[in-house]
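Positions are given from 1 along the sequence.
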Amino acid sequence: MRGALSGLTTRGRCLLAAGFAAGLCAIVLNERDLLRVAAFVVALPLLAAWLAQRARVGLHANRVLHPSRVQVGSATDVRVELRSAGRLPTGGLLLEDAVPYALGARPRFVVERLPRNTVTVLRYPLKPVMRGVQQVGPLLARITDPFGLAEFDREMAGRSRLVVVPRVVQLTGLPNGSGMGSGDDGSIRLRAGQGEDDAVVRPYRHGDDLRKVHWKSTARRDELMVRVEERPWRGGTTVLLDHRLAGHRGSGPGSSLEWAVSFAASVSLHLHRYGHQVRLVGDDGRVLAGGPGGSGYSDAVVLDALAALQPSHRREPAVGIDPGAGQEVVAILGGCTPAVVDALVRNRPRGTRSLAVVLDVRAWASASEDPAPDPADARELLGGAGWGVVVARPNTPMGQVWQELCHSAGNRGPVVRAEVG
């Protein structure tokens with residue numbers, strides 16, 4: 001009974017106190033009719049509290065997320081199944097599901113009556129605006145009686161895991177001179193002979209230069225074939241992502257870090273789709289996805305790794321060693337000082353393909369944030385070392401950045417600046 005009394009609302013406590021007062025007056029005045037009224041007034045909140053407590057014990061819920069893994073901006077459907085196993089029907093039920101702020105407002109439902117042993121289904125959508133591994137729940141149920149005299153809270157349905165992966169943009173084409181794009185380990189070489197018979201060919205892929213169509217092989221195989229005139233990228237491709245908190249500006253989904261993460265996901269999946277062995281590496285040198293020979297790599301692994309990626313608190317990237325480990329590199333850099341860029345260039349083998357997207361993080365910065373390095377310094381140092389360089393800003397479409405980067409890969413020295421508006 002003590003547990004039931006703890007659930008009385010202010011109205012229920014006042015009614016209980018009024019009943020005791022009326023009973024005391026009835027005894028003093030010897031009024032039996034008033035005593036009967038007092039007994040009823042005292043019994044009503046006690047009965048309401050007891051019934052509400054029993055209904056809480058018999059209440060069960062289950063939550064299902066479909067799908068449980070979504071991209072930023074996509075929606076997932078949440079299904080909550082309620083069932084009452086008590087002997088009496090449950091009424092006056094207020095439900096609120098705990099939802100992180102990145103997933104939107106907390107949904108609330110009012111169930112006026114929940115019959116016994118009957119499943120009641122509640123649905124609501126979630127449209128996340130931020131990547132991350134989110135926890136939905138627990139479900140808080142507040143059970144009240146029809147008179148509002150008692151209420152009890154109960155947590156149900158536990159927590160459900162929702163993985164919000166970064167937005168992936170569809171890219172087209174490959175960097176100039178990327179050859180077959182197969183990510184071979186370097187054991188394959190093109191034959192040095194001359195003439196059409198010595199050409200190495202492969203099936204045409206979307207984005208290939210039509211001027212490289214090998215018509216003799218096309219006629220023989222009845223399939224559009226293209227020439228591979230340069231050796232393939234050796235040992236695969238390393239995508240280097242600078243995710244330092246100090247190297248980025250802005251906050252929330254519109255920050256430069258989220259732009260960089262989305263671009264890294266798009267590039268990784270695009271290269272893998274073309275057969276490259278992709279290795280995703282953080283600014284601290286830690287391998288986020290992939291490994292030697294492409295082991296441990298899949299699109300799902302990359303997206304899950306980027307979904308859980310947190311900003312690092314390093315002041316400068318780890319550039320003491322070659323981040324590509326001898327592979328070709330696509331670096332996505334935030335604000336870097338000239339000293340860091342110079343160390344990055346020194347540790348890259350000369351003649352190994354190196355591409356970089358340098359974010360002009362000043363364009364993402366708010367007035368209250370610290371000044372960021374000028375990307376012109378990084379652009380000059382990287383371009384002078386033979387890197388293909390593109391400068392990106394918030395209004396630069398990712399597809400355009402990739403196209404400019406592909407174009408710059410075939411040129412040694414020239415620097416391309418991709419800007420819109």
Side-chain angles (χ1 to χ4, degrees), residues 175 235 237-251 255-264 267 279-288 306 309-394 396 401 404-405 408-409 411-419:
T237 306
T238 294
V239 178
L240 171 63
L241 174 60
D242 179 7
H243 58 98
R244 294 172 299 121
L245 189 62
H248 291 276
R249 297 295 184 272
S251 60
S255 66
S256 62
L257 175 60
E258 295 306 314
W259 193 100
V261 169
S262 179
F263 188 72
V267 171
R279 195 172 65 108
L280 181 63
V281 178
D283 60 73
D284 55 356
R286 180 169 57 94
V287 178
L288 304 176
L306 290 175
L309 184 67
Q310 297 295 323
S312 70
H313 296 282
R314 300 177 61 93
R315 297 299 302 176
E316 301 293 354
V319 292
I321 59 174
D322 175 20
Q327 296 181 338
E328 280 72 16
V329 165
V330 177
I332 305 165
L333 304 175
C336 293
T337 62
V340 173
V341 177
D342 183 64
L344 179 63
V345 169
R346 284 200 315 268
N347 285 284
R348 285 290 293 156
R350 211 63 162 146
T352 305
R353 185 190 306 277
S354 302
L355 306 176
V357 174
V358 180
L359 275 63
D360 187 359
V361 296
R362 300 174 303 174
W364 277 275
S366 62
S368 60
E369 291 184 294
D370 296 334
D374 189 345
D377 297 331
R379 179 185 60 188
E380 182 178 354
L381 288 171
L382 292 171
W387 286 52
V389 186
V390 176
V391 175
R393 290 183 173 178
T396 309
V401 173
E404 299 289 358
L405 197 65
S408 68
N411 305 318
R412 291 292 182 180
V415 179
V416 180
R417 185 180 182 89
E419 298 177 0

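- In this structure, the side-chain contact (heavy atoms from CB on, under 4.5 Å) partners of Ala260, at least two apart in sequence or on a different chain, are Leu241, His248, Ile332, Leu359.
- The line from CG of Leu245 to NE2 of His313 is 6.0 Å long, rounded to the nearest 0.5 Å.
- Checking Ser256 against Arg249 by side-chain atom types alone, no donor-acceptor pair falls below 3.5 Å.
- Minimum interatomic distance between Gly388 and Ser408 (heavy atoms only, all atoms of both residues): CA-OG, 3.6 Å.
- Considering all non-hydrogen atoms of both residues, Val345 and Ala385 come closest at CG1-CB, 3.3 Å.
- Residues Gly334 and Val358 come closest through the heavy atom pair O-CG1, 4.5 Å.
- Under the rule for a salt bridge (charged side-chain N to carboxylate O under 4.0 Å, His left out), the partners of Asp374 that lie at least two apart in sequence or sit in another chain are Arg362.
- Between Pro338 and Leu381, the closest heavy-atom pair is O-CD1, 3.5 Å.
- In this view, Arg346 and Asp342 satisfy the side-chain hydrogen bond (donor to acceptor under 3.5 Å, both in side chains) rule, not counting sequence neighbours.
- The closest side-chain heavy-atom distance from Val329 to Arg348 is below 4.5 Å.
- With rounding to the nearest 0.5 angstrom, the CG atom of Asp242 is 7.0 Å from the CG atom of Leu240.
- With a 4.5 Å cut-off on side-chain heavy atoms, Trp387 and Leu344 count as touching.
- Looking only at side-chain heavy atoms (C-beta outward), Arg379 and Asp377 stay at 4.5 Å or farther from each other.
- Separation of atoms CG (Leu355) and OG1 (Thr237) is listed at 9.0 Å; rounding is to 0.5 Å.
- In this structure the side chain of Arg286 never reaches within 4.5 angstrom of the side chain of Val281, judged on heavy atoms.
- Residues Leu405 and Val330 are in side-chain contact: their nearest non-hydrogen atoms beyond the backbone lie under 4.5 Å apart.
- Across all their heavy atoms, Cys336 and Val341 have their closest contact at CB-CG2, 3.8 Å.
- At distances below 3.5 Å, not a single donor-acceptor pair connects side-chain atoms of Ser262 with backbone N or O atoms of Trp259.
- Qualifying side-chain contact (heavy atoms from CB on, under 4.5 Å) partners for Ser312, counting only residues two or more places apart in sequence or in other chains: His243, Arg244, Asp283, Arg314.
- Between Leu382 and Leu333, the closest side-chain pair of non-hydrogen atoms falls below 4.5 Å.
- Scanning for side-chain contact (heavy atoms from CB on, under 4.5 Å) contacts around Ser368 gives Ser366, with sequence neighbours left out.
- The shortest non-hydrogen separation linking Trp364 to Glu369 is O-OE1, 4.2 Å.
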